Structures are given as structure tokens and as C-alpha cells.
Amino acid sequence: MSFSKDFVWGAAAASYQIEGAAYEDGKGLSVWDTMCRQPGKVWEDNTGDVACDHYHRYKEDARLMGEIGLKAYRLSISWPRVLPEGVGTINQKGLDFYDRLIDALLENGVQPWVTLFHWDYPYALYCRGGWLNRDSSDWFAEYTSVIVDKLSDRVSNWMTLNEPQVFIGIAHQSGLHAPGLQLGFADVLLAAHNALLAHGKAVQVIRTRAKTKPAVGAALVGVTSMPATDSTEDIEAARGRMFSIWNKNCWNNTWWADPMVFGTYPEDGMKIFEIEMPAIADGDMKTICQPLDFYGVNIYTGQTIRSTGDGGAKSVKSPDGPPLTTMEWQVKPESLYWGPRFLNERYRLPIFITENGMGNCDWIHRDGKIHDPQRIDFLARYLSELKHAIDDGVMVKGYFLWSIMDNFEWSFGYKQRFGIIYVDYATGERTLKDSANWYKEVIASNGAILDKT
Ligand code: IFM
């Protein structure tokens, strides 16, 4: 077995990270617009005001995606661009932008995969309590219906939320992301519960209103655990760790995926979170648990786990001088074998890798090109592991490289470059990096050149 003929080779980006035009054509404020105005919150006080100027350059970007041969592009919609107040009056110009973008993608042979929410939450709704307000799931459902009504004649692949672990956990607990709150854990869990309800209601809206048969999932993240050896004990220990909760934060797989797929919060989490558990109204778990067509997961790295020999698990210390990306995330290609394998076993859904890639030190070399051999090596290693998983029978249907182009990396601003297309932020000029040309060959050969890289 290998990559199937219809394997979805894609790349991804998100609205706030690339669009710019933050104050144009009637767009409302997002919590990231306001976060970026607070000195010291983002590296060098960078903002997404202009970013990659994708709002104006989307045609060129769609053409480049076509040139690379992408089968699919995972984009997100800026909620406040479409609904400046989060609910109520539609900003037609904002909605029209996505209409044109979808057309441009299709004209270039690229299928749009739409993420409804990738962190640029409407500031107006934040002022009404944001995710802490129980109405937030209805606000999200209203927004979803506007998008589905407009785009679902041409869009069939949908993701509700991107990395709730981050936009709830990091944004509401450690405060490093917008809106920058440091709430008590009970409030964090309440926000999480409302976000899960929003997911469930959005799936319902998509299923009832879509004009073309929809495929729906979410793009989750969490800890990927890998066994230190192939021994049964280490594999069991890694599996156990991957699906357990052992401390009071949201950075795990099961607090999110179990309610979405099984309709229950995991027992171990409920025990640890006991006194902070939110009130769960009748029917909530049923609302959250809607049939899904795929499990989307963002995987960049993983933790290596060894059995303690007595049913326990411990993480293996890093070797001295481990390979690191510029985010200082360890390079762990096997995460793209074990992550999909464990997730597919537990949740029984086809897997889509909705993000994978690396931050790197890229600059224009003296020959005018952007040579990024580390990224090519990184991607070749990770994709080879993904192929290995498929060969072993894991149902993986697609892969979205993060990212199609360099972009605003949240609190790191423009310090980090994740793209396979280089963006000169001063001029907006785009240049394909070596990795883009390499990925083009990967796609054209349906993964066959991986063996030769
Ligand atoms: O840039 C982010 C993206 O928005 C969400 N997932 C991780 C990426 C790299 O940090």
C-alpha cells in the first residue's frame, strides 16, 4: 500500500496570519487586532495589520498554489470580517472576499477546505463574555450558517475549530494568546465546554444547510506520544500516555476528542478536574457529539515514552543537542506514524493531518533563491513515517503542510518562517522556496519521490 490515488496533498494557512486588511472594507475587530496593540505581547510589536496582504494578493496566491500542484488548500475565515459584531449584520464586502477566494482556488484546480474558526474571535463578542458566555455556541452557529449558505455550493470540506487546546488553553489560561486571559481553571473548563458546544452546533448547521454533501471534522492538536522501542510494553505505555490526562490544563487529546466522538468527558480528566467541572446541561453532550467524517490533527513533534515496567509510563529525556526547529520544537518524525495510528485506533475515523511543518531560518541567498534543505529533510522524514503508517493499514486520507507561505506566527510575530513560499514583508513579493519545488514533485509523484529524497 502507499498513498492512495485520491490522497489529499494540501497546504494550510489561517485568516489572521496572512490576510492583512485588518481595518478595511468594514471588517470588525478581532481579539488579535487588540492584542497586537498591547506593547510587548507580540515579538517586536508586530501586528497582522498587513501580514502577507493576502486579502489583496489572493489571486496570485491561488495561482502559486496551482503551480505547486496543491490538491487542496486549508483556509480559515475571519469571523469579524464577515460579521463585524460577531452576530447580526453581515459585512457583504467581507463575505464577498471569501466568495472570490473560493472561485480563484477552484480556477487553479485547488479544492478549498474551510476552517470556520482559527482564533480571530470577534472583539465585540469578547466584550459580551466570549467563550465564557453560554450563548457563544449559538453565536458560532449563526456565523456558521452565514458561511455555509454562501460557500457550500463550492465548499464540501469543513473544519469547525482549529486547536481548541490553544485558543482556550493558551489564550484563557496562560494568557500568551489573545485575548490574553489568565483565568482560574473552572472558567477555562467552562470556556472549553462552550467551545465544544459551538463545535457540535456548527456540525449540525453544516449538515442541515450545506448545498453539497459535506465532510466535517475539526483540527485538533494535543500531545503525540511515541514508544521508545517497538516492545509491547513501550507501545502500551505510549498509547496510555497519549490518551490520558494527568494535570490541570487543556493540552491533551481526550478532553476534546472524547466528547466530540464518544459524547463523554474522559473519566481521568473528570476526576482531576472534579471541583472545576462546568455545569453540563441536559442534552449538551449529545449536542457536542455529532457524527464526524474525519479526524483532523495538527502534529509537529511528540514525546517519547518508555514503560516503567509496572504499568506506568515515563517520558524519555531528550538526547544532548537534539534536532530542533526555530520554534525549539524537537524534530520527531515518528510522531507522524504513531499519532495517526493511535488516533485512528481509538476514534475509528479517517485521519487528515491538518498541519505539519517547521519554522526555519530562511533568507534569500546570494543566488536569489531560498534554499531550505532542513525543511525538505524534515518533511521527507515526516512524510516517510506517514507513508509507513498507511502501509501498516492506518487510514490516513490527506496531509496539509503548514504553511503555504510565511506568515504571522502569533506571539512570535514575523520572527518565525513556516512557509514553503517566502514572503518579503516589505514588498509583499512571494518566492517559491526550494521546499515548494520539492513538494511539487512529491505531489506530482504521489509521494513516490520520498524514497529518493
Ligand atoms: O501557526 C500555527 C497555527 O496557527 C496553528 N498551529 C501551529 C502553527 C505553528 O505554530
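Worth saying up front: this structure is predicted, and the values here are computed from it rather than measured. When a ligand or atom number is given, it counts from 1 through the structure's own listing order.
Scored by the side chain to side chain contact (heavy atoms under 4.5 Å, CB included) test, Asn298 finds Arg74, Asn162, Glu163, Ala219, Val221, Tyr300, Thr354, Glu355 as partners (sequence neighbours excluded). Partners of Arg375 under the side-chain hydrogen bond (donor to acceptor under 3.5 Å, both in side chains) rule, at least two apart in sequence or in another chain, are Asp362, Asp372.
Taking the six-membered ring where the residue is Trp, Tyr295 and Tyr347 present parallel rings, their angle staying beneath 30° rather than reaching 60°. Between Trp329 and Phe418, the two ring planes are tilted [angle within 30° to 60°]. Classified by interplanar angle (parallel below 30°, tilted 30° to 60°, perpendicular above 60°), the ring pair Tyr143/Trp79 is parallel.
The shell of residues lying under 4.0 angstrom from ligand 1, judged by heavy atoms, includes Trp329. Within the structure, the closest approach of Trp410 to ligand 1 falls below 4.0 Å when heavy atoms are considered.
At a heavy-atom distance under 4.0 Å, no atom of Gln416 approaches ligand 1.
Judged by distance alone, the side chain of Asn46 and the main-chain N or O of Phe412 form no donor-acceptor pair under 3.5 Å.
The heavy atom nearest to atom 6 (N) of ligand 1, out of those in Gln17, Gln165, Glu355, Glu409, is found in Glu355.
Annotation for ligand 1: atoms under 4.0 Å from non-hydrogen atoms of His118 are 3 (C), 4 (O), 5 (C). Contact atoms of ligand 1 toward Phe418: 9 (C), 10 (O) (distance under 4.0 Å to a heavy atom of the residue).
At least one N or O atom of Glu163, backbone or side chain, sits closer than 3.5 Å to an N or O atom of ligand 1.
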